[in-house]
Amino acid sequence: MIKTFSPFGYEGSIVTVEVDLRKGLPAIDIVGLADGVVKETRERMKSAIVNSGFEVPRERVLIALSPCDLKKEGASFDLPIALAVLAQKDDYPRSQDAEVLVMGELELSGGVRNIRGVNAALQTAVSNGIKYAIVPHSDNLEIPKGIKVQTVGNLEEAYYALARIDEYEVNPDDSFFMQNKEPKEEFKIEFNELEEDETSLDEIKGLNGLKYAMAVAVAGHHNIITWGEHGCGKTTVLQRITQLLPKLLPDERASVNRIYSLAGLGTVKDNIRPFRIPHQTVSLERMCGGGVGCQCGEMSLAHNGVLFLDEAAEFKCSVLQMTRVPLESKSICLSRAGRSTVFPANFQLVMATNPCPCGNYGSKDKICLCSMKSIEMYWRKFSAPLLDRVEIRFDCDKDNSVEFVSLAQLRKMIKDAWERQYQRQGKLNNDLPIEDVATYIKLSDIDTKIFDNQIEKNGYSPRAIVQIKKMARTFADMNNREEIVTSDLMQAIELHGKLPIDFE
């Protein structure tokens, strides 16, 4: 039985392709809530079948795509429909028992084009117990365990591959199939090598404090916002956060590859973590996701990576506020046309902005031309609830006395911190749920009194109190300490600094 995949949101659906040949005038009918592109398959299929050396059935052909109440969209149905029709021939040398996932767009010549969502379809097929698949050739194909995949370049290859499915069900180790036999990957914290023409973080002079704060953010998966006068170099430094990001871990790679596949971006190269920099004019739909097929947005494309908002105050207020819920839930739920989907969105938010509209507020050498009202309105675009979810607040204009720490040293601290966190709790500090904070993060009696005084002095919110404790735990992990000491707590309080305006 031929199956295919209908992408919608993150999950998608398996679709069954059924064909019935009956007496009557030659015609091809497609039922099952197919859109215009799927209905056009009839014409592409006819030309592809003839140009591949086969005969178009002379009977009346009824093609049913089930479940019938699920809307079918896109050209990925071409190849499964064509194979289902050809498989109805009396002389076709194959039984109809084995379930086979088939995807691909047909050219009129009979060639098969690659389509988006193949990797996601293979993952879904495995979860539905489908053991075989026929898909187009692709350099970005990543085969999950539990399925045997044959890649094809044209309809003729697909025809004979389908005919031999039952043979290879008996002999599953045959080299005819691209079978995934990868050994189990060990848990390792590794970093990618810098590109030859890439500017190292060490080559950027100054802003040592920002570099260290950025390393702390990566070490504990904390969010960060930084501000400073225009031209101070904050964007240049923050763009190099990719040099501090460890490679994707084995259990993170699958979800990122699924999102990339659904978005038509192929697969992750060299296990590099996603790094997304949307423009300030990005729409709400593009940031969150949606549209036809409920596609993923920038927040999901940054899953297990970094979402960098440069000139953050220039984004629409609604776009900025939309990041609040995913920062807490690590996912985003979308609903369209009576259907809903949940995309993972465990991203690290990094924001850079000027301190005021003119960019000179707080500068010792330049004059700020903005009124206090305009500065307040400028910062109010972020809103207190959003900034309350950002653990690290860093003022670049006060970055004067921090000693230089090399990229190699920063990577070493991040590696040590990640290893300690995964061994201790199985996740990074900022991903700890609130109920686990008391278990894994404990302050001494003296530090508790110090922190209580700081809470009373600064009026920290309950969320900020938890955030500072998590950052203190991160400082201890970066220095390979089992217990949190006073210096860890004080550094965390310092990094959770004051904003240019008071939101209280």
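Computed from a prediction, not measured in an experiment: that's the story for all the values here. Below, each value reflects all heavy atoms present in this structure, side chains not excepted, and no hydrogens, waters or symmetry copies.
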**Student:** For Trp379 and Trp227, take the angle between the two ring planes, folded into 0 to 90°, and tell me which bin it lands in: parallel under 30, tilted 30 to 60, perpendicular over 60.
**Tutor:** perpendicular
**Student:** Atom CG of Leu349 and atom CE of Met299: how far apart are they, to the nearest 0.5 Å?
**Tutor:** 10.0 Å
**Student:** State whether a side-chain donor-acceptor pair under 3.5 Å links Asn430 with Glu391.
**Tutor:** yes
**Student:** Donor-acceptor pair, Glu157 side chain versus Gly153 backbone, under 3.5 Å?
**Tutor:** yes
**Student:** Using distance alone, with no hydrogens and no angle criterion, decide if Arg389 and Thr323 have a side-chain donor and acceptor under 3.5 Å apart.
**Tutor:** no
**Student:** Tell me if a side-chain donor or acceptor on Glu55 pairs with a main-chain N or O of Val50 at a distance below 3.5 Å.
**Tutor:** no
**Student:** So how far is it from Thr353 OG1 to Glu311 CD, rounded to the nearest 0.5 Å?
**Tutor:** 6.0 Å
**Student:** Any carboxylate oxygen within less than 4.0 angstrom of a Lys/Arg side-chain nitrogen, looking at Lys234 and Asp310?
**Tutor:** no
**Student:** For the side chain of Gln425 and the backbone of Lys427, is there at least one donor-acceptor N/O pair under 3.5 Å apart?
**Tutor:** yes
**Student:** Which residue in the set Lys72, Arg42, Arg44, Lys46 passes salt bridge (Lys or Arg N to Asp or Glu O under 4.0 Å) when paired with Asp78?
**Tutor:** Arg44
**Student:** Any chance you could measure Asp270, atom CG, to Leu248, atom CG, to the nearest 0.5 Å?
**Tutor:** 11.0 Å
**Student:** What do you reckon, is CG of Asp251 surrounded by more than 12 foreign heavy atoms closer than 6.0 Å?
**Tutor:** yes
**Student:** Checking Lys470 side chain against Leu428 main chain: does a donor-acceptor pair fall under 3.5 Å?
**Tutor:** no
**Student:** Just by distance, with hydrogens left out, do Tyr10 and Ser255 show a side-chain donor and acceptor under 3.5 Å apart?
**Tutor:** no
**Student:** In the structure I gave you, are the side-chain heavy atoms of Val37 and Glu73 within less than 4.5 Å of one another anywhere?
**Tutor:** no
**Student:** Starting at CD of Gln467, measure out to OG1 of Thr474 and round the result to the nearest 0.5 Å.
**Tutor:** 11.5 Å
**Student:** Within a strict 4.5 Å, meaning less than it, do heavy atoms of the Phe308 and Thr235 side chains meet?
**Tutor:** yes
**Student:** So, does Ser261 use its side chain to make a donor-acceptor pair with the main chain of Val118 at under 3.5 Å?
**Tutor:** yes
**Student:** Decide yes or no for Asn346 and His303: does some side-chain heavy atom of the first lie under 4.5 Å from some side-chain heavy atom of the second?
**Tutor:** yes
**Student:** Would you find a donor on one side and an acceptor on the other, under 3.5 Å apart, between the side chain of Arg240 and the backbone of Thr236?
**Tutor:** yes
**Student:** Below 4.5 Å, heavy atoms only, C-beta onward: do Phe5 and Thr124 meet side chain to side chain?
**Tutor:** yes
**Student:** Are the charged groups of Glu419 and Lys415 less than 4.0 angstrom apart, N to O?
**Tutor:** yes
**Student:** Side chains of Leu407 and Leu244: closer than 4.5 Å at any heavy-atom pair?
**Tutor:** yes
**Student:** Consider only side-chain N and O atoms of Asn140 and Lys269, and report whether a donor and an acceptor are under 3.5 Å apart.
**Tutor:** yes
**Student:** So do the side chains of Val466 and Leu432 get within less than 4.5 Å of each other, counting heavy atoms only?
**Tutor:** no
**Student:** Tell me if a side-chain donor or acceptor on Arg113 pairs with a main-chain N or O of Glu107 at a distance below 3.5 Å.
**Tutor:** no
**Student:** Within the distance-only criterion (no hydrogens, no angle test), does the side chain of Glu99 pair as donor or acceptor with the backbone N or O of Lys3 below 3.5 angstrom?
**Tutor:** no
**Student:** If you round to the nearest 0.5 Å, how far is CZ of Arg463 from CD of Glu328?
**Tutor:** 4.5 Å
**Student:** Does NZ or CZ of Arg276 lie under 6.0 Å from the centre of the six-membered ring of Phe347, at an angle within 45° of the ring axis?
**Tutor:** no
**Student:** Answer yes or no: is there a side-chain heavy-atom contact under 4.5 Å between Ile332 and Cys288?
**Tutor:** yes
**Student:** For Glu59 and Gln88, which I'm curious about, is there any donor-acceptor pair between the side chains at under 3.5 Å?
**Tutor:** no
**Student:** Can you check whether Phe382's main-chain N or O pairs, donor with acceptor, with Gln321's side chain at less than 3.5 Å?
**Tutor:** yes
**Student:** Would you check if the side chain of Asn257 reaches a backbone N or O of Val268 as a donor-acceptor pair within less than 3.5 Å?
**Tutor:** yes
**Student:** Will you find, in the side chains of Glu156 and Ser52, an N or O donor that is under 3.5 Å from an N or O acceptor?
**Tutor:** no
**Student:** Can you tell if the side chain of Met214 reaches within under 4.5 Å of the side chain of Thr226, non-hydrogen atoms only?
**Tutor:** no
**Student:** How long is the straight-line distance from CG of Asp20 back to CG of Asp29, given to the nearest 0.5 Å?
**Tutor:** 11.0 Å
**Student:** Please evaluate residues Leu70 and Leu33 with respect to the criterion side chain to side chain contact (heavy atoms under 4.5 Å, CB included), reporting the C-alpha separation (whole Å), side-chain torsions for both, the decisive distance (0.1 Å), and the verdict.
**Tutor:** CA-CA 7 Å; Leu70 178 71; Leu33 208 59; over 6 Å; no
